[in-house]
Number of protein chains: 2
Amino acid sequence: MDSGDRVSCSYAGSMLEGTYITKRDGKAVIKLDNGYNIGVSFDTVTKTADAEKREAVKGGFTREEGLPDLAIVSTGGTIASRIDYRTGAVTSQFEAEDIMRAIPGLASIGNFTSHVPATILSENMTPYIWKELASTIYSEIESGVAGVIVTHGTDTMSYSAAAVSFMLKTPVPVVFVGSQRSADRPSSDNLMNGLCSAAAAVSDLGEVSVVMHGTSNDDYCAIHRGTRVRKMHTSRRDAFRSIDIDILGKVEYPSLEVSLNKHAVRRGSSEPELCADLEEKVGLVQFYPGMSPDVIRSYDGYAGLVVAGSGLGHTSSVCIEPLRELVSSGTTVVMTSQCLNGRVCDRVYDTGRDLIEAGIIEGEDMLPEVAMVKLMWVLGMEDDKEKVRQLMLSDLRGELGGCTPHGL
Amino acid sequence: MDSGDRVSCSYAGSMLEGTYITKRDGKAVIKLDNGYNIGVSFDTVTKTADAEKREAVKGGFTREEGLPDLAIVSTGGTIASRIDYRTGAVTSQFEAEDIMRAIPGLASIGNFTSHVPATILSENMTPYIWKELASTIYSEIESGVAGVIVTHGTDTMSYSAAAVSFMLKTPVPVVFVGSQRSADRPSSDNLMNGLCSAAAAVSDLGEVSVVMHGTSNDDYCAIHRGTRVRKMHTSRRDAFRSIDIDILGKVEYPSLEVSLNKHAVRRGSSEPELCADLEEKVGLVQFYPGMSPDVIRSYDGYAGLVVAGSGLGHTSSVCIEPLRELVSSGTTVVMTSQCLNGRVCDRVYDTGRDLIEAGIIEGEDMLPEVAMVKLMWVLGMEDDKEKVRQLMLSDLRGELGGCTPHGL
């Protein structure tokens with residue numbers, strides 16, 4: 001039996017239909033048509049159709065002429081919450097099926113191919129997987145898809161969206177989507193988010209974005225810029241918020257009508273380009289009263305450190321000397337604000353001026369997390385300190401400078 | 001000449017009136033009636049009235065019978081922005097004068113006494129000064145004032161308000177106030193914030209609060225709970241926001257009419273009580289993808305660590321083992337969420353369950369910074385691990401549990 005063969009099997013007295021995945025612990029792992037995996041004795045399994053016979057079928061659905069080609073790149077997370085993360089039984093071929101069975105309406109929006117660079121809870125996302133993810137998306141764009149949907153756990157989705165924003169220039173929509181409530185809950189947002197993400201993926205958008213519930217009603221999804229979005233609630237379906245800029249647009253539900261705001265980058269604005277190097281030795285630290293200077297010193301040897309300072313971008317005076325030492329020893333230090341909104345300005349108060357004199361780079365209005373990801377990327381491609389500084393101060397993907405259009 | 005004596009002096013060809021402060025570098029430091037300090041030769045200074053003769057005058061203003069007694073406790077910051085922080089020339093006795101000259105309307109709201117436990121930029125606030133601050137406020141409450149105004153730099157005001165909230169039980173309003181724009185700027189918020197803080201200090205409120213601009217218009221100040229407020233913009237005047245609960249009330253401007261919401265604790269709800277011990281060896285760390293487990297290990301030896309996890313309160317799997325080791329070696333670890341809004345719940349996903357099993361305490365819906373300050377306070381008074389856990393999980397000052405009334 002080959003992976004992908006259609007099979008029937010007897011299980012707990014019933015005959016069930018499904019797809020053969022793999023052999024594990026002497027048993028056949030079958031993905032049932034309801035999306036669940038079971039392990040059964042090989043004796044009970046009968047092949048009903050070859051995997052080969054299903055070539056014309058993508059994601060279990062017939063290819064519809066006239067519909068745009070879209071790619072689903074899956075990394076796991078709640079939107080794919082039928083997966084058993086402990087056993088990791090799901091293989092890439094069936095990921096799109098999972099999602100398309102859960103969200104049948106997708107089939108009328110596009111013809112899907114799928115890739116699974118990772119199957120993780122998103123808190124286990126790493127810079128290494130970001131590189132895989134960006135490469136996978138880039139290959140899909142190069143192959144001519146109209147748009148890419150990235151399904152992702154919501155915990156670190158904004159970090160990943162920022163990482164892909166920097167690593168990739170894209171002429172087509174790259175849409176991150178997830179769900180805050182798993183598919184087995186009546187309030188699950190996976191259906192609406194999934195459909196809205198597909199609508200955004202075929203829209204006139206031309207940048208990396210996050211598409212999630214815009215309100216706690218099921219009325220529209222907001223389209224957020226990948227470098228300007230943050231998860232601002234642990235559980236609400238409208239947890240994702242654009243910080244300090246307007247959303248890029250909306251996808252109305254259930255009409256799936258897309259409206260883009262003026263500052264959203266349009267389809268075709270840039271050629272596809274991949275620069276997927278990342279310096280992983282970059283840290284992020286939030287300043288707080290009473291912070292020991294040893295906390296700063298513990299980043300000795302790091303290539304980069306982003307500080308989420310207080311107010312306009314401050315630390316206590318006792319933290320300035322160790323920051324100066326870090327800079328002297330070659331660490332690039334970027335100052336952002338834990339206020340999240342507004343611009344850093346270290347020219348107003350003494351501590352700020354001392355920080356500038358110590359050699360920190362003012363992170364303008366970049367979110368601390370976005371500045372960290374950007375610094376990983378900038379340090380991954382550039383050694384020259386002055387060029388690193390210039391790149392950190394330049395608006396490359398709409399990550400700084402408020403609502404002004406950015407030069408992609 | 002004694003500190004506080006009224007003097008006249010000649011300076012740059014003019015005769016000026018002011019108050020003698022101190023001798024520094026052989027010169028007399030005079031606070032002029034316009035609020036500025038000058039240093040002049042003692043030859044040019046003539047005493048015009050003794051400090052003693054001004055006993056009936058508080059803060060440079062005549063005591064008005066029938067008005068409530070209020071205390072101003074100043075720690076510095078932009079609202080006191082005439083101070084030269086480098087030289088620190090201002091002494092405690094004249095701090096209220098500074099503020100009352102800047103905000104003459106205060107004199108019609110109360111009779112003020114003043115204390116200056118610190119004159120710092122608030123990024124230099126420390127747990128040590130928090131203890132001083134709480135003790136000073138407590139003494140004023142014990143002496144029978146109707147309310148206390150704490151002027152404070154905005155950078156770390158919410159940390160300090162939380163610290164005082166825990167260290168102090170108060171039957172009267174304790175109102176933190178600051179300004180985002182210094183008095184020399186036309187858009188300064190010091191006048192309105194100062195008047196609104198005084199109105200809140202004589203109101204029916206009975207808890208520690210922050211009073212700052214509620215919108216970017218000059219229409220009202222919001223009253224925020226000290227354990228539920230966060231500076232959410234680097235520069236806007238309405239930077240302070242209540243997180244995950246409604247504001248406690250409003251002070252309309254310019255009418256200074258105070259309205260309190262239902263969940264605001266009322267005046268007289270508790271007896272004054274001070275518990276100003278703090279364990280200072282407590283850290284705060286924000287989890288991010290790719291975080292090295294060494295970051296967690298660097299907190300070895302700390303009494304407490306608050307983690308601002310992702311989503312419902314997660315870290316990557318590789319960070320769980322070092323957290324387990326910290327807990328085993330005696331560090332109390334509390335999990336909060338970098339989402340800021342919403343409740344931590346580590347029972348849903350594998351990483352969360354692993355964290356619980358490792359011995360972390362779920363910080364419910366506490367803000368990460370508030371959880372850190374609370375942990376300092378709880379560890380300052382309690383050694384028993386189980387009691388520490390119970391206290392961290394209990395709503396003591398409205399810091400957790402959403403809008404529900406809290407048991408002071």
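Naming convention: chains lettered A, B, ... in sequence-line order (proteins, then strands); numbering from 1 in each chain. What's counted below: heavy atoms across the whole structure, side chains too, no hydrogens, waters or symmetry copies.
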Practice item. Among Ser317(A), Ser337(A), Gly309(A), Cys319(A), single out the residue with the greatest number of heavy-atom pairs under 4.5 Å to chain B. Key: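 Looking at each of Ser317(A), Ser337(A), Gly309(A), Cys319(A) in turn, Ser317(A) comes out on top.
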Check your understanding: What option among Gln338(A), Arg236(A), Met376(A) has the most heavy-atom pairs under 4.5 Å with chain B?
Key ->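 Option with the top pair count is Gln338(A).
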Practice item. Could you tell me which portion of Val282(A) (side chain, backbone, both or neither) has an atom closer than 4.5 angstrom to a non-hydrogen atom of chain B? Key: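 Interface part for Val282(A): backbone (N, CA, C, O).
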Against chain A, work out which of [options] has the most heavy-atom pairs shorter than 4.5 Å and name it.
| options | answer |
| --- | --- |
| Met125(B), Arg241(B), Lys231(B), His233(B) | His233(B) |
| Ile129(B), Asp294(B), Ile243(B), Leu284(B) | Leu284(B) |
| Val318(B), Thr126(B), Asn124(B) | Asn124(B) |

Any side-chain donor near an acceptor of the partner, [X] and [Y], under 3.5 Å:
| X | Y | value |
| --- | --- | --- |
| Asp155(A) | His314(B) | yes |
| Gln180(A) | Thr154(A) | yes |
| Glu123(A) | Thr351(B) | yes |

Using a strict threshold of under 4.0 Å (side-chain N to carboxylate O), is an ion pair present between [Y] and [X]?
| X | Y | value |
| --- | --- | --- |
| Glu280(B) | Lys131(B) | yes |
| Arg343(B) | Asp365(B) | yes |
| Glu369(A) | Arg230(A) | yes |

Point to revise | Test log, rule side-chain contact (heavy atoms from CB on, under 4.5 Å), inputs Val370(B) and Met372(B) | key: CA-CA 5 Å; Val370(B) 172; Met372(B) 183 195 72; over 6 Å; no
Give, as side chain, backbone, both or neither, the part of [X] having an atom under 4.5 angstrom from any heavy atom of chain A.
| X | result |
| --- | --- |
| Tyr299(B) | side chain |
| Tyr302(B) | side chain |
| Tyr288(B) | both |
| Val348(B) | neither |
| Met157(B) | neither |
| Met232(B) | both |

Exercise for review: Go through the steps to decide whether Glu399(A) and Lys374(A) satisfy the test salt bridge (charged side-chain N to carboxylate O under 4.0 Å, His left out), and finish with yes or no.
Suggested key: CA-CA 9 Å; Glu399(A) 73 277 15; Lys374(A) 181 178 178 183; 2.6 Å; yes
